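Just so it is clear, the values below take in all heavy atoms, side chains as well, and ignore hydrogens, waters and symmetry mates. Keep in mind that what you see is a predicted model, and the values were worked out from it rather than measured.
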Protein chains: 2
Amino acid sequence: MQATTQSLIESGQVTDPESPRGRLLAQAAHLFKTKGYERTTVRDLAAAVGIQSGSIFHHFRTKEDILFAIMAETIHTITARMKAAVEAAHSPRDKVRALIRCELESIHGETSEAMTVLVYEWRSLSEARQAEILKMRDEYEQLWLGTLESARQSGQLDVNVPVLRRFLTGALSWTVFWYKPGGDMSLDDLADQALKLAIK
Amino acid sequence: MQATTQSLIESGQVTDPESPRGRLLAQAAHLFKTKGYERTTVRDLAAAVGIQSGSIFHHFRTKEDILFAIMAETIHTITARMKAAVEAAHSPRDKVRALIRCELESIHGETSEAMTVLVYEWRSLSEARQAEILKMRDEYEQLWLGTLESARQSGQLDVNVPVLRRFLTGALSWTVFWYKPGGDMSLDDLADQALKLAIK
DNA sequence: TTACAAACCAAGCGCTTGCTTGGTATCGTT
DNA sequence: AACGATACCAAGCAAGCGCTTGGTTTGTAA
């Protein structure tokens with residue numbers, strides 16, 4: 001586990017994955033990703049964790065609360081990770097590569113399943129909670145937009161920055177459905193290919 | 001309506017949108033896109049068309065059959081359209097632009113809702129039917145890959161072609177969640193921005 | 001005018017869903 | 001030893017789900 005993740009657990013923003021609640025969230029992320037939120041029943045989830053379906057509601061008030069918790073915790077995790085990655089890089093080009101590499105890491109690393117749920121189960125939340133999540137994502141998106149804008153001003157890009165970010169959101173998220181880590185192509189190779197989309 | 005669409009109707013590959021079955025498919029595409037397949041009930045769909053829920057099953061054997069029909073018909077439509085678009089363009093660069101422009105047209109034109117369902121409700125099908133759809137998509141994907149490969153050989157691209165196609169699949173599909181036709185940016189502008197991702 | 005198929009209704013069946021309830025086992029702390 | 005908090009079970013309820021059934025209306029063509 002990363003040091004950043006550890007401090008998020010201690011600050012209470014992220015649930016310890018060893019705790020009963022944490023195991024529930026992990027299994028829920030797995031099921032929501034593979035079967036989809038609606039097709040996953042509380043009985044499926046309970047069986048995966050090894051408890052009765054009713055016992056789930058000792059930890060969460062509703063099934064939607066579970067989805068919301070997955071999303072909220074994932075945002076905290078990836079934002080902290082992204083901040084560190086962008087700060088560690090220096091040239092505009094390196095910073096852009098760090099954005100891409102870090103997002104791919106979130107999509108294919110240990111947060112993989114939760115990340116997929118965050119992106120593709122969006123519509124399963126009530127509108128009010130969609131708005132909450134959108135607000136939480138803001139800091140993360142500002143990291144992207146600010147970094148891309150600096151790269152543009154230094155002459156590395158000649159495209160519309162918000163449009164580029166949205167293209168990259170789609171392109172990188174979609175990799176979860178076709179890219180398999182551990183094959184011929186490493187995550188670094190993939191990041192290099194993606195960097196070519198953005199920078200000439 | 002396009003001439004291509006007309007001939008598809010006459011050949012029986014696509015349902016006439018004026019027929020009861022066609023209206024059902026159109027409303028289903030609308031609901032499946034906005035609410036998602038699982039969250040749309042046969043009662044919702046029946047109410048949208050103005051019939052009783054049981055009457056749906058005079059036209060389709062199961063709810064899944066409706067989803068499958070939407071996807072299959074959409075593939076026929078967009079493949080015919082794409083063939084025509086690629087043939088009409090001549091230089092490698094124009095052909096790549098035609099691919100992008102035509103896919104954006106499918107995503108934001110009259111097939112918009114069905115197209116979104118095709119891309120994002122994939123997992124709602126049984127595995128057997130996922131395989132059927134995959135096979136139907138093959139011709140469409142070969143159009144993409146063949147054209148991109150020609151562009152690469154003529155020196156317009158210097159990336160891995162299958163990877164580029166997948167990045168573009170994600171980037172272009174995702175536009176459905178943020179791009180609104182009729183605003184500042186035209187579909188042609190959007191296509192130009194997307195072309196910059198592929199070609200330096 | 002009759003015949004027939006396509007399109008639809010009214011009613012409801014069997015099952016699954018998210019969630020509730022009332023009670024119990026297992027802890028560390030006092 | 002007693003306590004309260006945490007984590008859980010066993011049973012089941014009310015609502016909603018996809019789909020079926022038997023019968024009726026509507027359009028079309030002989």
- Query: Under the ring-ring contact (aromatic ring centres under 6.0 Å, His included) rule, what pairs show up with a residue in residues 181-200 of chain A, not counting sequence neighbours?
  - Reply: none
- Message: For DNA chain D, which residues of residues 49-59 of chain A approach it to below 4.0 angstrom with any heavy atom?
- Response: A:Gly50, A:Ile51, A:Gln52, A:Ser55, A:His58, A:His59
- Task: For residues A:Lys95 and A:Ala89, report the shortest heavy-atom separation together with the two atoms involved.
- Result: NZ-O, 3.1 Å
- Any donor-acceptor pair under 3.5 Å from B:Thr175 side chain to B:Ala171 backbone: no
- Measure the distance from CG on B:Leu31 to P on D:dG18 and round it to the nearest whole Å. 12 Å
- Are any side-chain N or O atoms of A:Arg23 and backbone N or O atoms of A:Glu18, one a donor and one an acceptor, separated by less than 3.5 Å? yes
- Quick one: B:Asp65 CG to D:dG18 P, roughly how many Å, whole number? 14 Å
- Is the backbone of B:Ala72 close enough, under 3.5 Å, to the side chain of B:His76 for a donor and an acceptor to pair up by distance? yes
- Any donor-acceptor pair under 3.5 Å linking the side chain of A:Asp192 with the backbone of A:Asp189? no
- Find the distance A:Arg23:CZ to D:dA7:C1' and express it as a whole number of Å. 11 Å
- Item | Distance in angstrom units between A:Tyr37 OH and C:dT17 P, rounded | 13 Å
- Message: What is the separation between atom CG on A:Asp44 and atom P on C:dT16, rounded to the nearest whole Å?
- Response: 12 Å
- In whole angstroms, how far is the P atom of D:dG18 from the CD atom of A:Glu38? 11 Å
- Please work out if B:Ser19 contacts a base, only the sugar-phosphate, or nothing of the nucleic acid, heavy-atom cut-off 4.0 Å. nothing
- Message: Donor-acceptor check, side chain of A:Arg129 to backbone of A:Leu125, threshold 3.5 angstrom: yes or no?
- Response: no
- Classify the angle between the aromatic ring planes of B:Phe177 and B:Tyr120 as parallel (below 30°), tilted (30 to 60°) or perpendicular (above 60°). tilted
- Between P of D:dG16 and NZ of A:Lys63, the distance in whole Å: 16 Å
- Message: Using the side-chain heavy atoms of A:Pro20, tell me which of these nucleotides is nearest: C:dC8, C:dG12, D:dC8.
- Response: D:dC8
- Pairing pattern in dot-bracket form [Watson-Crick, G-U; both distances under 3.5 Å; | = partner strand] for DNA chain D: ||||||||||||||||||||||||||||||
- Message: Taking donor-acceptor contacts at under 3.5 Å, does the side chain of A:Arg43 reach the base of C:dG18?
- Response: yes
- Exam field: side chain B:Tyr37 to backbone B:Glu64, donor-acceptor pair closer than 3.5 Å: yes
- Message: Distance check needed: D:dC19 P versus B:Leu45 CG, whole Å only.
- Response: 12 Å
